[in-house]
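Computed from a predicted model, the values in this text were never measured in an experiment.
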Amino acid sequence: MGECVPMAEPKTWIEQLSLTSFRNYTHAKLEAEASPVVLVGHNGAGKTNILEAVSLISPGRGLRRAAFADMSRVASSAPAPAPPGWAISARLHAGDDPVIIGTGLAPAASGASRLVRIDGEPQRSAAVLADYVEMTWLTPALDGVFTGGTSDRRRFLDRLVLCFDAEHGTRANRFERAMRQRNKLLDAGARSPAEFGGLEEQLAETGVAISAARVALVQQLSATILRRRDEVGPSAFPWAEIALTGSLEEALVGTPASDVEDDYRERLARARPRDQAARRTLEGPHRADLEVQHGPKAMPAKLCSTGEQKALLVGLVLAHADLLARRAAGGAPILLLDEIAAHLDADRRAALFDEILSLGSQAWMTGTDHAQFSALQGRATFFEVTDGAVARIED
């Protein structure tokens with residue numbers, strides 16, 4: 001099915017990946033090409049650990065959102081736990097010349113942050129990685145995103161936003177810190193406007209910026225979904241209707257952000273008695289939700305079958321990758337697809353591989369059965385993962 005689909009040349013891809021003392025790897029090195037990468041092996045062999053390592057070439061805490069100290073390899077035969085420490089190095093093609101990105105945790109570090117180097121030069125934070133690579137992923141943990149809590153959907157959406165707005169994560173962290181401080185004041189029974197004023201100013205500024213970035217992404221993604229629907233017609237991955245709910249998000253449609261910011265700041269001040277009774281801030285971007293509907297069936301995604309939900313989720317990620325690829329001088333993001341064959345039949349798997357190839361994305365995929373990726377034979381790099389060891393499978 002996928003043999004006649006032309007492959008677009010990826011603009012962003014990893015040529016070499018090295019792991020040291022990371023998860024279950026003492027040391028591992030992979031040499032890849034500008035094509036999809038398939039990692040096969042039994043459960044627990046370390047396939048997802050490799051995807052996690054790749055995800056750390058981008059800003060943030062990686063696809064598992066784990067503590068950095070927990071990523072260090074622990075030797076079962078060690079008489080005492082060694083200080084946490086690990087290193088990842090990648091040769092990344094993301095422009096005219098490849099760059100070497102290094103990241104890791106020094107053994108003496110507290111685990112609060114990781115070190116980042118670009119071509120050997122230390123960087124102030126991992127946020128700089130957004131200048132070099134765009135990345136998104138699907139993991140089995142996201143399979144329940146439509147039926148789970150609103151925080152799961154916000155986190156999924158925010159990962160998509162980060163590819164367009166590198167400061168989105170920083171603003172979210174600032175909002176969370178300010179909200180925690182305000183909540184402490186509420187819990188302590190504080191009454192003075194002077195105590196709340198500065199925090200509410202920061203909440204209004206960062207909160208509206210967070211919501212505005214989400215609204216912009218949802219609008220662009222919705223347009224991309226409809227364009228793909230009209231160009232391609234019926235697809236293995238049904239088109240979705242997406243919308244944001246939340247007071248700030250709804251206010252931003254048709255209202256200048258500065259006016260929404262002023263209004264939110266005033267509402268926070270008026271809501272202090274109500275929030276004090278609840279001991280928490282009840283309004284803001286932390287209350288927003290992403291609503292998704294199966295377009296052809298006009299059915300909420302949460303009511304669809306497991307297979308339909310998986311197909312909708314894959315379709316959203318592919319539309320996002322398409323949106324990125326169509327930007328001026330842009331390229332498709334690196335996709336990390338963990339156990340992607342689960343809940344996809346043979347036709348949908350082949351359709352997914354065709355989409356990846358036509359988008360020009362270097363997708364890193366994992367699975368337990370080599371046969372599930374047979375449609376990619378000769379068009380992808382295959383590796384076998386066995387208990388902390390990685391070996392290339394030659395054609």
Side-chain angles (χ1 to χ4, degrees), residues 59-71 84 105 109-115 124-127 130 141 145 148-162 165-215 217 244-252 255 257-290:
R61 289 165 50 191
L63 59 79
R64 282 191 176 110
R65 295 179 54 81
F68 294 128
D70 293 341
M71 299 176 187
L105 185 69
S110 65
S113 61
R114 57 183 168 119
L115 305 175
R124 294 185 62 181
S125 76
V145 69
T150 58
S151 62
D152 295 332
R153 288 184 288 280
R154 285 194 300 270
R155 190 175 300 118
F156 169 70
L157 176 63
D158 285 340
R159 184 70 219 173
L160 304 184
V161 173
L162 270 174
D165 186 348
E167 297 301 316
H168 186 69
T170 301
R171 286 192 293 267
N173 290 336
R174 288 180 58 205
F175 181 89
E176 289 292 335
R177 285 195 298 269
M179 186 171 64
R180 284 196 298 269
Q181 292 172 4
R182 183 177 186 268
N183 288 348
K184 286 181 180 179
L185 290 177
L186 295 169
D187 191 46
R191 301 288 182 182
S192 170
E195 293 182 273
F196 286 95
L199 291 174
E200 290 172 352
E201 179 74 30
Q202 187 172 347
L203 286 173
E205 177 186 345
T206 57
V208 172
I210 291 165
S211 296
R214 289 172 175 168
V215 168
L217 186 277
L244 275 173
T245 61
S247 60
L248 295 183
E249 290 72 17
E250 292 163 7
L252 282 163
T255 304
S258 58
D259 292 347
V260 177
E261 185 177 322
D262 291 342
D263 182 62
Y264 181 37
R265 183 171 54 249
E266 293 170 3
R267 290 206 308 274
L268 284 169
R270 293 195 302 268
R272 288 170 199 161
R274 179 199 64 183
D275 290 354
Q276 206 143 37
R279 295 187 175 183
R280 58 194 175 96
T281 303
L282 293 175
E283 184 179 2
H286 61 296
R287 306 282 287 182
D289 194 8
L290 175 68

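R114 and A126 make their closest contact through NH2-CB, 3.7 Å (heavy atoms, listed as atom of the first residue, atom of the second, distance). A204 approaches R265 most closely through the heavy-atom pair CB-CB, 3.8 Å.
The stretch residues 185-214 participates, sequence neighbours left out, in no ring-ring contact (aromatic ring centres under 6.0 Å, His included) pair at all. Listed by first then second residue, pairs satisfying side-chain hydrogen bond (donor to acceptor under 3.5 Å, both in side chains) with a partner in residues 184-197 read D187-R279, R191-Q276, not counting sequence neighbours.
Between the CG atom in L186 and the CE atom in M179 there is a gap of 11.0 Å [rounded to 0.5 Å]. L160 contributes atom CG, which lies 13.0 Å from atom CG of D165 (distance to the nearest 0.5 angstrom). Distance check: R177 CZ to L199 CG gives 12.0 Å after rounding to the nearest 0.5 Å. Rounded to the nearest 0.5 angstrom, E283 CD and L203 CG are separated by 11.0 Å. The distance from the CE atom of M71 to the CZ atom of R61 is 7.5 Å, given to the nearest 0.5 Å. The structure places CZ of R124 at 13.0 Å from OG of S113, a figure rounded to the nearest 0.5 Å.
Contact of the R287 side chain with the S247 side chain is not registered, since no non-hydrogen atoms from C-beta on lie closer than 4.5 Å. With a 4.5 Å cut-off on side-chain heavy atoms, L157 and L244 count as touching. Looking at P59 and L162, their side chains never come closer than 4.5 Å, going by heavy atoms from C-beta outward. Using a 4.5 Å heavy-atom cutoff, the side chains of Y264 and P285 are in contact.
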From CA spacing to verdict: side chain to side chain contact (heavy atoms under 4.5 Å, CB included), V260, L248 | CA-CA 7 Å; V260 177; L248 295 183; 4.0 Å; yes
Derivation and outcome, side chain to side chain contact (heavy atoms under 4.5 Å, CB included), residues H168 and I210 = CA-CA 6 Å; H168 186 69; I210 291 165; 3.7 Å; yes
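Under the ring pair (Phe, Tyr, Trp, His ring centres under 6.0 Å) criterion, F175 pairs with H286, sequence neighbours left out. T150 pairs by the side chain to side chain donor-acceptor pair (under 3.5 Å) definition with R154, not counting sequence neighbours. With sequence neighbours excluded, the residues satisfying side chain to side chain donor-acceptor pair (under 3.5 Å) with R182 are E200, D275, T281. In this structure, N173 has no side chain to side chain donor-acceptor pair (under 3.5 Å) partners at least two apart in sequence or on a different chain.
Salt bridge annotation for D158-R155: absent, with no cationic side-chain nitrogen under 4.0 angstrom from a carboxylate oxygen.
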